Protein chains: 2
Amino acid sequence: MTASHPSKLREPLSFVAGCGLPLALEVMGERWSFMILRASFNGVRHFEEFLDQLGIARNILSNRLARLVESGILVREHCADDRRRIEYCLTPKGYDLLPAMLALRQWGEKWALGVPSNPVLCDARDGQPISAITIRAHDDRVLGPRELTWRDRADLVLGRPVTIPAETVTLLE
Amino acid sequence: MTASHPSKLREPLSFVAGCGLPLALEVMGERWSFMILRASFNGVRHFEEFLDQLGIARNILSNRLARLVESGILVREHCADDRRRIEYCLTPKGYDLLPAMLALRQWGEKWALGVPSNPVLCDARDGQPISAITIRAHDDRVLGPRELTWRDRADLVLGRPVTIPAETVTLLE
DNA sequence: GGAATAAGTTTCGAATGAGAACCTAATATT
DNA sequence: AATATTAGGTTCTCATTCGAAACTTATTCC
């Protein structure tokens, strides 16, 4: 039935199978999560500071921070000097979201924001702006959607360069 | 006051200023948007097909598709052969979300998914899996969070390599 | 013509969001 | 020591959104 799509090389049925996207979205898909993350990357650490920067409601912020901590993206720790204060800091798992956040940000900049964004993320070594986030082959060639294909993991453990079978579907058909 | 952060080079106050992230989230931050996008990248085109793959409610799907069309990520077009059917296809703007989606997916795979994901996105040319999405300098060096810094656009139009001022803050402090 | 299919809408209860006021513990002020 | 202030939350409402199921409309199949 519904035999309109010729390929078997499509990502399987739903998200039960091995795909990281639903798992990522479970945490980061919620309404303010990415904005909180952005603030964290900008050095924001404290509750009231998030509140000011984001204009989010207190209860929502409280809830989101708890979830981000629970999922290991932030750590919550009491300040040594002032024991009222609490610091929310990025973990390695949190820092590892930077490429995703930047890719999203760059997309927004390119397609929705009229003006180029003002503070520019730069290479600390030479002060040059970072380049656009791209998809790359194992040898660092930049790949466009036409040059991509899904393959079953079982077919590639052999590691040899393969002639892609004709029925393999690229992302652009 | 609250003088715990030494730097002025922090991204400004809120999202009023030039940041693409809130703009990106306005469309893609909603509950099912990324999952619909993933399905689109996998060749899903039709309403009932999205419905099956995602397990989303009809009315929500209808709403999300409309918003994705409205924001230029998908186009809605009548099928030529069967005029009941409607195709939702990715636009260039939609395809351009692939790096963000993959970065998110890779993050989920790395940190939340136990098992390596089964269909692997590969270079169509040589069949090798793509590499992890990374942040790169203008000369393609891979950059970690410690090697990044925010700079004001006005300071870098001059284009010369700069010695980063001491008070410039990297993302990891 | 009658059944089936595709793509929606409508309806309504459940869950989630936002705003404001309130609360508690630790510090600062007098 | 008594009081005020600050930091980080809760609790309370109310509005919006989500979700499941039933209903609608246009087209194609038999």
Side-chain angles (χ1 to χ4, degrees), chain A residues 1-5 14-15 22 25-37 39-40 43-71 73-90, chain B residues 1-5 14-16 22 25-37 39-40 43-71 73-89:
Chain A
M1 5 196 134
T2 67
S4 60
H5 290 285
S14 80
F15 48 84
L25 292 175
E26 204 152 316
V27 205
M28 297 310 299
E30 284 188 281
R31 206 170 272 292
W32 284 95
S33 298
F34 261 110
M35 291 300 287
I36 291 173
L37 194 79
S40 288
V44 170
R45 302 259 153 101
H46 301 289
F47 194 90
E48 314 279 332
E49 210 176 348
F50 282 108
L51 223 54
D52 293 347
Q53 296 259 328
L54 302 180
I56 184 179
R58 295 182 88 82
N59 54 350
I60 307 296
L61 176 59
S62 179
N63 184 303
R64 276 319 102 87
L65 286 173
R67 291 202 20 99
L68 288 169
V69 168
E70 186 186 6
S71 60
I73 290 166
L74 299 176
V75 278
R76 187 193 129 110
E77 41 196 34
H78 288 268
C79 271
D81 50 324
D82 183 343
R83 305 208 339 155
R84 288 172 303 183
R85 311 197 91 204
I86 284 178
E87 282 199 343
Y88 291 95
C89 299
L90 286 163
Chain B
M1 7 201 132
T2 66
S4 59
H5 292 284
S14 79
F15 46 84
V16 188
L25 292 176
E26 204 153 315
V27 203
M28 298 310 299
E30 282 187 281
R31 205 172 273 292
W32 285 95
S33 297
F34 261 109
M35 292 299 288
I36 291 172
L37 195 78
S40 288
V44 171
R45 302 263 153 99
H46 301 290
F47 194 90
E48 313 279 333
E49 210 176 348
F50 282 109
L51 223 54
D52 293 346
Q53 297 258 328
L54 302 179
I56 184 178
R58 292 182 90 81
N59 53 351
I60 307 297
L61 176 60
S62 177
N63 184 304
R64 275 323 100 87
L65 286 173
R67 290 198 24 94
L68 288 169
V69 168
E70 185 186 9
S71 60
I73 290 167
L74 299 176
V75 278
R76 187 193 126 108
E77 43 196 35
H78 288 268
C79 270
D81 51 323
D82 184 343
R83 308 229 336 230
R84 290 171 302 182
R85 310 196 91 205
I86 285 179
E87 282 198 342
Y88 291 96
C89 298

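The shown structure was predicted, so the numbers you read here are calculated from the model rather than taken from an experiment. By convention in this document, chain letters (A, B, ...) are assigned in the order of the sequence lines, proteins followed by strands, and residues within each chain are numbered from 1. Worth knowing before you read on, the calculation uses all heavy atoms, side chains too, and leaves out hydrogens, waters and symmetry mates.
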Polar side-chain contact A:Asn59-C:dG19 base: donor and acceptor under 3.5 Å = yes
Test item: A:His78 side-chain N/O and A:Arg84 main-chain N/O as donor-acceptor pair under 3.5 Å = no
Between B:Ser62 and C:dT9, is there a side-chain N or O to OP1/OP2 distance below 4.0 Å?
-> yes
Choosing from D:dT28, D:dG9, C:dA18, which nucleotide comes nearest the side chain of A:Tyr88?
-> D:dG9
Measure from the side-chain heavy atoms of A:Glu48 and tell me the nearest of D:dA20, D:dA7, D:dG9.
-> D:dA7
Between A:Val75 and A:Val69, what is the shortest heavy-atom contact and its length?
-> C-CG2, 4.5 Å
Phosphate-side-chain proximity, B:Trp32 and D:dC18, N/O vs OP1/OP2 below 4.0 Å | no
Check: B:Ser33 side chain, B:Gly29 main-chain N or O, donor-acceptor pair, under 3.5 Å | no
Determine to 10° how strongly the helix from C:dG1-D:dC30 to C:dT30-D:dA1 is bent, judged from the axes of its five-pair ends.
-> 10°
State whether the distance check finds a donor on one side and an acceptor on the other, under 3.5 Å, for side chain B:Arg58 versus base D:dA20.
-> no
Euclidean distance, atom CG of residue A:Leu51 to atom P of C:dA20 [Å, nearest integer] | 12 Å
Shortest non-hydrogen separation from B:Leu61 to B:Phe47 and the atoms involved = CD2-O, 3.5 Å
Measure from the side-chain heavy atoms of A:Arg84 and tell me the nearest of D:dT6, D:dA20, D:dT28.
-> D:dT6
Return the minimal non-hydrogen interatomic distance between A:Val27 and A:Arg67, and the atom names on each side.
-> CA-NH2, 4.3 Å
If only side-chain N and O atoms of B:Arg76 are considered, is one of them under 4.0 Å from the OP1 or OP2 phosphate oxygen of C:dG8?
-> yes
Quick one: does A:Ile56's side chain get under 4.5 Å of A:Phe50's, heavy atoms only?
-> no
A:Glu30, nearest nucleotide to its side chain (from C:dT27, C:dG17, C:dA6) = C:dG17
Please determine if a side-chain N or O atom of B:His46 lies less than 4.0 Å away from the OP1 or OP2 oxygen of C:dA7.
-> yes
For the side chain of B:Asp82, counting heavy atoms from C-beta on, which of C:dG17, D:dT28, C:dT27 is nearest?
-> D:dT28
Which residue lies toward the 5' end of DNA chain D, B:Arg64 or A:Ile86, if each is placed at its nearest nucleotide?
-> A:Ile86
